[in-house]
Amino acid sequence: MATKEEIDAARRHIERLREEHANDLIALVRLVDDGALKGEAGDRLTADLRAWDRAFKDLFTRALSLLDSLQPSDPATGAPT
């Protein structure tokens with residue numbers, strides 16, 4: 001079992017990855033919206049990026065929910081607290 005500190009560290013890591021993902025995606029969408037790729041290909045890429053964003057947001061939400069469901073263990077004994 002994971003300790004409270006390990007669970008908290010995992011939460012911080014997931015939250016950091018979620019923020020990085022959001023920032024990266026915003027940058028990509030802005031590039032496409034500003035005309036970096038025009039026409040049907042740009043439209044498809046924008047749709048793909050939005051689908052990718054929804055999928056990753058769901059993944060991060062599920063990962064954080066899983067952490068919420070964990071019972072931390074006592075670091076000294078390894079038994080759940």
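Note that the coordinates shown come from a computational prediction; the quantities given were computed from them, not determined experimentally. Residues take their numbers from the sequence shown, with the count starting at 1.
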Would you check if the side chain of Asn23 reaches a backbone N or O of Glu19 as a donor-acceptor pair within less than 3.5 Å?
-> yes

If the threshold is 4.0 Å, N to carboxylate O, is there a salt bridge linking [X] and [Y]?
X	Y	answer
Asp53	Lys57	yes
Lys38	Asp43	no
Asp8	Lys4	yes

Rounded to the nearest 0.5 Å, what's the gap from [atom1] on [X] to [atom2] on [Y]? Could you check?
X	Y	atom1	atom2	result
Asp48	Leu28	CG	CG	12.0 Å
Asp24	Glu20	CG	CD	7.0 Å
Leu70	Ile7	CG	CD1	4.5 Å

For the residue pair Thr3 and Pro72, establish whether any side-chain heavy-atom pair is separated by less than 4.5 Å.
-> no

Compare all side-chain heavy atoms of Arg11 with those of Glu15 and state whether any distance is below 4.5 angstrom.
-> yes

Count the heavy atoms of every other residue, nucleotide or ligand shown that sit under 6.0 Å from CZ of Arg30, and state whether that count exceeds 12.
-> no

Residue Glu40 excluded, over 12 heavy atoms near CD under 6.0 Å | no

Minimum heavy-atom distance [X]-[Y], with the two atoms named:
X	Y	value
Leu49	Leu25	O-CD1, 3.6 Å
Gly42	Val32	O-CG1, 3.5 Å
Leu67	Ile14	CD1-CD1, 3.7 Å

If you measure only the distance, is there a donor-acceptor pair under 3.5 Å linking the side chains of His21 and Arg18?
-> no

So if you build clusters from Ile, Leu, Val, Met, Phe, Trp, Tyr with side-chain heavy-atom gaps below 4.5 Å, do Leu59 and Leu64 land together?
-> yes

Relative to the ring of Trp52, is the ring of Phe56 parallel (under 30°), tilted (30 to 60°) or perpendicular (over 60°)?
-> perpendicular

